[in-house]
Amino acid sequence: MRDASDGPSGDLLAWYDVHARVLPWRTGPEERRAGVRPDPYRVWLSEIMLQQTTVAAVRAYFRAFTERWPTVQALAEAEDDAVMAEWAGLGYYARARNLLKCARVVAREHGGDFPDTVEGLRALPGIGPYTAAAVAAIAFDRPAVVVDGNVERVMARLHGVETPLPAAKKELTALAAALTPQERPGDHAQAVMDLGATICTPRNPACGLCPWRAPCVARAAGIAAELPRKSPKKPKPVRLGIAYVARRADGAWLMERRPDRGLLGGMTGWPTSDWSEAPSDDPPMDADWRDTGEEVRHTFTHFHLRLRILVAEVPEGSVPDRGAFVASVRPSDLPTLMRKVFDLARSAVPPR
DNA sequence: GATCCGTGGCT
DNA sequence: TAGCCAAGGAT
């Protein structure tokens with residue numbers, strides 16, 4: 001009979017008890033021992049923010065969200081635009097749209113309490129296999145099998161799995177399942193991720209400091225840094241586009257809310273042409289558009305974008321074909337691409 | 001399984 | 001510099 005106090009899981013938990021990172025959303029090992037239960041709302045919020053996103057980037061957003069909306073009920077009652085603006089800059093904006101959907105389902109259909117099982121969590125918007133397992137383990141101490149990029153990397157090295165991702169996913173999940181203890185599963189999940197983030201890093205892993213250096217197959221073979229192998233990625237094509245920045249005589253700016261689906265969905269930004277190999281000139285209103293000669297370069301997940309910037313100064317009473325004039329622009333409410341556009345455009349149309 | 005979906009830091 | 005990488009999910 002194995003429990004958390006012996007075997008590789010026990011070695012990892014002993015390491016975690018000493019080396020656990022202190023994070024704003026985390027209930028540390030000492031706190032847990034003292035009987036402190038994590039707040040499922042904060043665990044869930046942090047997990048959504050941390051999807052494909054670094055701890056460093058998340059910190060400020062987590063603080064802002066929890067100060068403004070301390071509970072899931074408060075978040076559920078927020079305006080859509082307020083949440084999107086608060087999320088601006090963090091990326092993957094479908095997360096923010098699903099965040100709000102999820103909060104409203106939890107508030108309305110679950111009385112403000114998150115489900116405490118993997119299946120219940122998995123049914124909520126924006127919660128997939130990883131997040132369901134992570135919240136179940138961390139917030140409710142259920143022995144769920146948590147598999148993220150860290151776990152995949154650690155398992156691939158520990159067991160010397162040379163099959164490339166994503167084909168190796170199933171095998172790595174099975175290996176992670178075999179190591180998941182019945183005792184302290186929440187701490188175990190966080191321990192593997194901390195190990196991956198601080199010791200078993202993608203490049204230059206610090207194998208000498210690793211609690212699993214003895215059983216690690218990849219280390220023995222001298223190929224730790226080469227694992228996990230990954231299938232080759234497709235090259236990113238270059239797309240072109242035009243951004244139209246119009247300032248009205250009273251200082252208002254013409255902006256447009258993007259459709260809920262697709263790139264930067266639900267975010268406010270400058271009207272643009274389509275983004276393609278040969279974009280068509282499609283200004284949002286009739287005006288004397290002037291080419292600034294400036295170009296924004298921005299790389300998305302699957303393509304590079306070069307956006308020419310056209311500006312126009314238009315009289316009061318102007319009626320746009322699409323979008324609406326807003327009295328003031330807060331760059332912090334905009335996705336990064338649109339901030340870049342504003343930075344260049346505002347110097348091309350200085351205030352009178 | 002493949003594709004779409006952001007951003008900033010690091011090498 | 002250009003590519004790689006980070007606590008993935010939806011379709």
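Nothing here was measured: the structure is a model prediction, and the numbers come from that model. Per chain, numbering begins at 1; letters A, B, ... match sequence-line order.
- Between A:Thr53 and B:dG6 there is no side-chain polar atom (N or O) within less than 4.0 angstrom of OP1 or OP2.
- Which of B:dT7, C:dC5, C:dA7 sits closest to the side chain of A:Lys233 comes down to C:dC5.
- Side-chain atoms of A:Thr54 and base atoms of B:dG9 include no donor and acceptor less than 3.5 Å apart.
- If you take CG of A:Asp260 and P of C:dA10, they are 16 Å apart, rounded to a whole angstrom.
- Judged purely by distance below 3.5 Å, without hydrogens or angles, the side chains of A:Arg26 and A:Gln190 pair a donor atom with an acceptor atom.
- Distance noted for atom P between C:dA7 and B:dC5: 23 Å (whole Å).
- Comparing atom distances between the A:Leu263 side chain and each of B:dT7, B:dC5, C:dA6 picks out B:dC5 as nearest.
- Below the 3.5 angstrom threshold, one finds a donor paired with an acceptor across the side chain of A:Tyr92 and the base of B:dG6.
- Candidate nucleotides B:dC5, C:dA7, C:dC5 were compared by shortest atom distance to the side chain of A:His302, and B:dC5 ranks first.
- Between A:Ala167 and A:Gln52, it is A:Ala167 whose nearest contact on DNA chain B lies nearer the 5' terminus.
- Counting only distance, with no hydrogens or angles, the side chain of A:Arg104 and the backbone of A:Ala76 share a donor-acceptor pair below 3.5 Å.
- Note on ring orientation: taking the six-membered ring where Trp is involved, the planes of A:Tyr41 and A:Trp44 are tilted (angle from 30° to 60°).
- Taking the side chain of A:Pro202 as heavy atoms from C-beta on, and the options C:dA7, C:dA6, B:dT7, the nearest nucleotide is C:dA6.
- The base of C:dA6 is not paired with the side chain of A:Arg59 by any donor and acceptor separated by under 3.5 Å.
- Nucleic acid contact for A:Leu23: base, since at least one base atom lies under 4.0 Å from a heavy atom of the residue.
- At the phosphate of C:dA7, neither OP1 nor OP2 sits under 4.0 Å from any side-chain N or O atom of A:Arg95.
- Closest approach to the A:Leu50 side chain among C:dG9, C:dA7, B:dT7 is made by C:dA7 (side chain taken as heavy atoms from C-beta onward).
- Here C:dC4 presents its P atom at 16 Å from CD of A:Glu226, a figure rounded to the nearest Å.
- Considering only side-chain N and O atoms, A:Thr299 lies nowhere under 4.0 angstrom from the phosphate OP1 or OP2 of B:dG6.
- Closest to the side chain of A:Asn150, out of C:dG3, C:dA7, B:dG6, is C:dA7.
- Closest contact between the side chain of A:Thr301 and the listed nucleotides B:dG6, B:dT7, C:dG8 involves B:dG6.
- Between atom CD of residue A:Glu47 and atom CD1 of residue A:Ile138 there is a gap of 4.5 Å, rounded to the nearest 0.5 Å.
- Listed candidates were C:dA7, C:dG8, B:dT7. Nearest to the side chain of A:Gln51 is C:dG8.
- When distances are taken from the side chain of A:Arg261 to each of B:dT7, C:dT11, C:dA10, the shortest belongs to C:dT11.
- The side chain to side chain contact (heavy atoms under 4.5 Å, CB included) test with A:Arg157 is passed by exactly one of A:Leu227, A:Val217, A:Ile223: A:Leu227.
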